[in-house]
Amino acid sequence: MKNSKLLYIASLLFCITIIQLSAQNKIHYSGTELSNPTYHDGQLSPVVGAHNIQVMRANRQHPDASNCNGWTYNHQPMLAYWNGKFYLQYLSGEVGEHIPPSQTLLQTSTDGYTWTNPQVLFPIYKVPNGYTKPTYPGVLANGLTAIMHQRVGFYVSKAGRLITMANYGVALDKKDDPNDGNGIGRVVREIKKDGSYGPIYFIYYNHGFSDKNTDYPNFSKSKDKAFVGACQEILDNPLYRMQWVEEADRGDKLIPLNKEYKAFCYYHLPDGKVACLWKHALTSISTDEGKTWSRPVQEPSIIMAKAKVWGQRTPDGRYALVYNPTLDNRHRWPLALVTGEDGTAFDQLLTV
């Protein structure tokens, strides 16, 4: 009887230890501060030292080269720092998110405060007349142009080449989505050290498209071996490809975790595992660099609307998450930051 009790206690302690380890290994918010969304700053303490910099202000009434010629929908900024310069890539639409025309622009800065005028990185692309979608029958493209939609914008190759990319999707009308797996494809080009751009190539085609019926060749046709090698590095990297899931063909085996999870980002934990984040506070861990994943689960302690969350390891070896800490999807404020030591537990909710 005594041995049975000891065995029961030992089993119970073992189960408690497993539960504690499980809680420690999952990405979660362990702090006590909460946001009050009736205030624009959420009534949170500010991140000391944070600077908010407006790199461009659109003005439809007074269009010029400094403001995208007045185009007022500017969204999905991607920021890279390479060879002593900031590179900011973003989508630009004349009036709205899923309303053509649409293009991808680039601005650069050496100090983060003074920025160049926007330049067209990936121009307006014509959708073939007669194009339609199996998921949107009865609507045919006629004089239509593509919609830009991408969740990732830059890649630095092992040889030090800076590659930028975008995706040409299609919205047949205002109610259609450009990121439904029925687009044209993903394009790439090189940004060179002197600020010039290489030619545009496709790195991925959606179904129905190939180098025979698109405006740009496949990257493999380039005579620049280092550029081809950089593109192949991208295709060989499952963590990078995971960021293509929204625009890629549904069910494409190129995507490691083929579910409709949105806005993927990742960072490495101290033990080498990969922490993974998506919209809706979905989290997962990969132990093999993104080839396989634990089933993504929604983390209730990370309170957020249907918006994105960004996570990364900071230069001091700590970790940070940035997101909108509110359940109300009618707005996305404040922009807040939480920090942590080990990449799984985060606290100190602060407003940016």
Side-chain angles (χ1 to χ4, degrees), residues 76 78-80 82-83 85 87-92 102-106 108 119-128 131 145-170 178-179 181-256 258 264 266 289-291:
Q76 288 189 357
M78 312 285 180
L79 186 66
W82 178 72
N83 280 333
K85 186 182 289 187
Y87 294 83
L88 179 66
Q89 184 218 79
Y90 56 95
L91 315 183
S92 185
S102 176
Q103 57 191 345
T104 296
L105 304 177
L106 183 78
T108 63
Q119 293 185 340
V120 176
L121 193 59
F122 294 101
I124 297 170
Y125 189 99
K126 293 181 179 179
V127 178
Y131 169 86
T145 57
I147 297 290
M148 309 304 302
H149 190 284
Q150 61 258 8
R151 298 297 193 193
V152 60
F154 296 103
Y155 178 80
V156 179
S157 74
K158 295 176 182 177
R161 298 286 190 100
L162 178 61
I163 308 300
T164 185
M165 68 175 60
N167 189 83
Y168 286 116
V170 178
N179 57 332
N182 292 299
I184 296 169
R186 193 172 300 271
V187 283
V188 292
R189 71 189 310 184
E190 182 179 359
I191 299 176
K192 301 182 179 180
K193 291 182 179 180
D194 63 2
S196 63
Y197 308 137
I200 299 174
Y201 296 90
F202 273 96
I203 192 173
Y204 178 89
Y205 297 103
N206 287 101
H207 57 272
F209 290 98
S210 67
D211 58 352
K212 297 180 180 179
N213 60 354
T214 49
D215 293 352
Y216 308 119
N218 186 272
F219 77 91
S220 60
K221 301 294 179 64
S222 171
K223 296 181 180 179
D224 186 335
K225 293 183 178 179
F227 172 76
V228 173
C231 293
Q232 192 59 51
E233 283 178 29
I234 293 171
L235 288 171
D236 291 341
N237 187 333
L239 290 170
Y240 204 90
R241 299 195 312 267
M242 191 63 217
Q243 299 170 100
W244 297 4
V245 64
E246 292 178 63
E247 301 89 9
D249 286 1
R250 296 298 181 257
D252 194 326
K253 294 181 179 179
L254 187 73
I255 306 301
N258 227 307
F264 169 77
Y266 69 93
E289 288 296 301
K291 296 182 180 68

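Just so it is clear, the values below take in all heavy atoms, side chains as well, and ignore hydrogens, waters and symmetry mates.
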For [X] and [Y], indicate whether the former's side chain and the latter's backbone hold a donor-acceptor pair under 3.5 Å.
X: Arg186; Y: Asn167; value: no
X: Thr164; Y: Gly153; value: yes
X: Ser102; Y: Met148; value: yes
X: Asn218; Y: Ser210; value: no
X: Asn179; Y: Glu246; value: no
X: Asp249; Y: Leu254; value: no
X: Arg241; Y: Ile255; value: no
X: Arg250; Y: Ala248; value: yes

Are Phe209 and Phe202, when compared by the centres of their aromatic rings, separated by less than 6.0 Å? no
Closest non-hydrogen atom pair, [X] against [Y]:
X: Cys231; Y: Val188; value: SG-CG2, 3.9 Å
X: Tyr216; Y: Val187; value: CD1-CG1, 4.1 Å
X: Gly290; Y: Leu239; value: CA-CD2, 3.7 Å

Return the orientation label for the Trp244 and Tyr240 ring planes: parallel under 30°, perpendicular over 60°, tilted otherwise. perpendicular
Hey, what do you get for [atom1] ([X]) to [atom2] ([Y]), rounding to the nearest 0.5 Å?
X: Tyr205; Y: Thr214; atom1: OH; atom2: OG1; result: 4.0 Å
X: Glu233; Y: Arg161; atom1: CD; atom2: CZ; result: 11.0 Å
X: Ile234; Y: Ile163; atom1: CD1; atom2: CD1; result: 6.0 Å
X: Gln89; Y: Phe122; atom1: CD; atom2: CZ; result: 6.5 Å
X: Leu91; Y: Met78; atom1: CG; atom2: CE; result: 6.5 Å
X: Phe227; Y: Gln232; atom1: CZ; atom2: CD; result: 12.0 Å

How far apart are the C-alpha atoms of Tyr201 and Val228, what are their side-chain angles, what is the distance that settles it, and do they pass the side chain to side chain contact (heavy atoms under 4.5 Å, CB included) test? CA-CA 10 Å; Tyr201 296 90; Val228 173; over 6 Å; no
Please examine the side chains of Val120 and Leu105, heavy atoms only from C-beta on, and report whether any two atoms are closer than 4.5 Å. yes
Any side-chain heavy-atom pair of Tyr87 and Leu121 under 4.5 Å: no
Please assess Glu247 against Tyr204 for the test side-chain hydrogen bond (donor to acceptor under 3.5 Å, both in side chains), listing each intermediate value before the final yes or no. CA-CA 10 Å; Glu247 301 89 9; Tyr204 178 89; over 6 Å; no
Could you verify whether a donor N or O on one side chain and an acceptor N or O on the other, from Ser196 and Asp194, lie under 3.5 Å apart? yes
For a quick check under 3.5 Å, do Asn237 and Tyr155 share a side-chain donor-acceptor pair by atom type? no
For Lys221, what residues pass the salt bridge (charged side-chain N to carboxylate O under 4.0 Å, His left out) criterion, not counting sequence neighbours? Asp211
Step by step, work out the side chain to side chain contact (heavy atoms under 4.5 Å, CB included) result for Gln243 and Gln150. CA-CA 8 Å; Gln243 299 170 100; Gln150 61 258 8; over 6 Å; no
From the list Arg189, Glu190, Gln119, side chain to side chain donor-acceptor pair (under 3.5 Å) with Tyr197 holds only for Gln119
Name of the residue among Thr104, Ile200, Asp215 meeting side-chain contact (heavy atoms from CB on, under 4.5 Å) with Pro123: Ile200
Please assess Leu88 against Leu106 for the test side chain to side chain contact (heavy atoms under 4.5 Å, CB included), listing each intermediate value before the final yes or no. CA-CA 6 Å; Leu88 179 66; Leu106 183 78; 5.7 Å; no
If you apply the rule side chain to side chain contact (heavy atoms under 4.5 Å, CB included), what do you find for Val127 with Ile184, and how did you get there? CA-CA 8 Å; Val127 178; Ile184 296 169; 4.2 Å; yes
